[in-house]
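Working notes for the structure below.
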There are 2 protein chains.
Amino acid sequence: MEIEEFINKSEGEWNSMRSGHSLAFKQFEEIVSHIKITKLKQDDSQVQYYLNKSQYSQRTPTCPFKIEWEGISDWSDKDDFKGSSLLIPIQNKSNSGMILKSLGYAEKIESISNYHFLSDCTLILSTEYEETVAEERIWFINSNLRCRSSVIKSLKNKSILQTSFASELRKIF
Amino acid sequence: MEIEEFINKSEGEWNSMRSGHSLAFKQFEEIVSHIKITKLKQDDSQVQYYLNKSQYSQRTPTCPFKIEWEGISDWSDKDDFKGSSLLIPIQNKSNSGMILKSLGYAEKIESISNYHFLSDCTLILSTEYEETVAEERIWFINSNLRCRSSVIKSLKNKSILQTSFASELRKIF
C-alpha cells in the first residue's frame, strides 16, 4: 500500500463514533462526529505555506489533503467542537514517510508524524508532541468502514494516558 | 511472532474497558470487566475432550489456555456477566494456524478461528459462526497493555453489525 492509494480510499465524508478510554480513572468518553476528507493540489497556497516553513521545503508532497471535523462529546462543556487540519505526506519508501500536520491529534499544534504500512495495509502513524507521544493505526474493513485506534503516552515517562477507537462509516446519503 | 510467545505475554489478570459501537443506531455500549488468562497442559482432560471431538484430533495443540471473564455492561439488564472459554491453538506455519474455542466471541457456541500475525506481531483472528463472521485483532502496546478490536458482520450479506475496542491493562496489585 502507498499513501496516495490510502488517501484516495479515505476521501469523502464519514460519520464517526469514537470512544476514549482513560485507563487510570476507568472513564469512557463518547464522541459522535462528522468528518470530511478533501484532497488538495500540490501547489495549493496553504500546502506551500506549511511545506516552505518546514525542514522539508525542498521535497515534493504526495497527495496533500485536508480533514475537517465537527462533533459532540459527552465530556465537553461546549455543545460541540469543530476544526480542521492540513496534512502533507512526504514519501520516503513506497510504504513509509512523514506527514506534516498543521494541527496535531493529541495536541493541537503543528506536528510531524512518521508513517508506515503493515503487511495488511494498516496505516501506523507515530507523532511526538511537546508533552505526549501518539500512536495511531487506521485500517479499512471495506470501502465504507474505516477503523482508527490511538494510544497516547506521556513523553516523559511513557505512561499511558488514553486509548481511543473510532468507527468511521462513509456518509452515502 | 509465534502463538506460544503471544500466549505467554497474555497470561495473567487484566482489567478491561471495552466499547461497543452499533453503527446502524449510533449507540455506544460500555463494558468494564476482569479477565484471567491461564495456560493449560496439553494433556488436560478438557483440552483432550475438545480436541478429540474436533476434526483435529490427530494434531498436537500448542499452548492451550483458558480465558475467564466477569464484568458489567451498561446495556445489560443483569447486574453482571461472567463466563469462560477454553482455547486450543493448532499451529500450521510459524505465524498462522487455527484456534478451537469451547465458546466463541460473537456467538456463544463452539467455534474454530483462523489466526495469523501481521508484520508488527498483531494477532488477527477470523471466525465464521452460524449467522455472523468476526474479525478480531489483538496487539500489545507494552507488556502491561493489550488492545483488542473486533468487527462483527452478518454471514449472509456481510453488512457490519458491530465494532468494538478493548483496552486491557494488566492487574498488578
Side-chain angles (χ1 to χ4, degrees), chain A residues 14-34 71-74 95 116-124 126 133-142 144-153 158-171, chain B residues 14-34 71-74 95 116-124 126 133-142 144-153 158-171:
Chain A
W14 302 83
N15 288 314
S16 166
M17 293 178 71
R18 185 156 67 89
S19 294
H21 296 173
S22 289
L23 304 181
F25 305 105
K26 280 196 187 169
Q27 283 183 326
F28 292 86
E29 181 181 11
E30 296 176 357
I31 304 117
V32 175
S33 63
H34 177 241
I72 297 170
S73 159
D74 67 342
N95 71 341
H116 69 276
F117 287 99
L118 299 183
S119 48
D120 75 332
C121 304
T122 299
L123 174 63
I124 307 281
S126 305
V133 181
E135 189 198 276
E136 293 167 81
R137 38 180 70 205
I138 309 175
W139 66 103
F140 285 88
I141 303 301
N142 59 39
N144 293 324
L145 178 62
R146 249 170 60 128
C147 290
R148 195 154 54 86
S149 71
S150 76
V151 175
I152 300 174
K153 298 179 195 177
K158 298 287 181 286
S159 64
I160 309 287
L161 302 174
Q162 209 199 27
T163 60
S164 82
F165 177 71
S167 307
E168 299 176 343
L169 203 60
R170 190 180 292 281
K171 194 177 170 186
Chain B
W14 302 84
N15 287 314
S16 167
M17 292 178 72
R18 185 156 67 90
S19 294
H21 295 173
S22 289
L23 304 181
F25 305 104
K26 279 194 187 171
Q27 284 184 324
F28 291 86
E29 181 181 11
E30 296 175 357
I31 305 117
V32 176
S33 62
H34 177 242
I72 297 169
S73 160
D74 66 343
N95 71 340
H116 69 275
F117 288 99
L118 298 183
S119 48
D120 76 331
C121 304
T122 298
L123 175 63
I124 308 282
S126 305
V133 181
E135 189 198 277
E136 294 168 80
R137 38 180 71 205
I138 309 173
W139 66 100
F140 284 88
I141 303 302
N142 59 40
N144 293 325
L145 178 62
R146 249 169 59 128
C147 290
R148 192 154 57 88
S149 72
S150 76
V151 176
I152 300 173
K153 299 179 195 178
K158 298 289 181 287
S159 64
I160 309 287
L161 302 174
Q162 211 201 28
T163 59
S164 82
F165 177 72
S167 307
E168 300 176 343
L169 202 60
R170 189 180 293 280
K171 196 176 167 185

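By number of non-hydrogen pairs under 4.5 angstrom with chain B, the leading residue of A:E135, A:K26, A:R137 is A:R137. Considering only heavy-atom pairs separated by less than 4.5 Å from chain B, the leading option among A:L169, A:I141, A:I124 is A:I141.
Residues passing the salt bridge (Lys or Arg N to Asp or Glu O under 4.0 Å) test with B:R18, sequence neighbours excluded: none. Considering only residues two or more places apart in sequence or on other chains, B:E29 meets the salt bridge (Lys or Arg N to Asp or Glu O under 4.0 Å) condition with none of them.
Side-chain contact check for A:D120 versus B:T122: every heavy-atom pair is 4.5 Å or farther apart.
A distance of 4.5 Å separates CZ in A:F165 from OG1 in B:T163, rounded to the nearest 0.5 Å. Interatomic distance, B:I160 CD1 to A:N142 CG, rounded to the nearest 0.5 Å: 5.0 Å. Separation of atoms OG (A:S19) and CE (B:M17) is listed at 9.0 Å; rounding is to 0.5 Å. Distance OG/A:S16 to NE2/B:H21: 8.0 Å, rounded to 0.5 Å. For the atom pair CZ (A:F28) and CD1 (B:I31), the distance works out to 7.0 Å, reported to the nearest 0.5 Å.
Interface remark: A:N15 contributes side-chain atoms only to the contact with chain B (heavy atom separation under 4.5 Å). Of the atoms belonging to B:S149, it is side-chain heavy atoms, and not backbone ones, that fall under 4.5 Å from chain A. With a 4.5 angstrom heavy-atom cutoff, A:L118 touches chain B via backbone and side-chain atoms both. Only the backbone of A:Q27 comes within less than 4.5 Å of a heavy atom in chain B; its side chain stays farther off.
The two atoms that bring B:S167 and A:L23 nearest to each other are CB-CD2, 3.5 Å, heavy atoms only.
A:W139 and B:W139 have perpendicular rings, their planes meeting at more than 60° on a 0 to 90° scale where under 30° would count as parallel.
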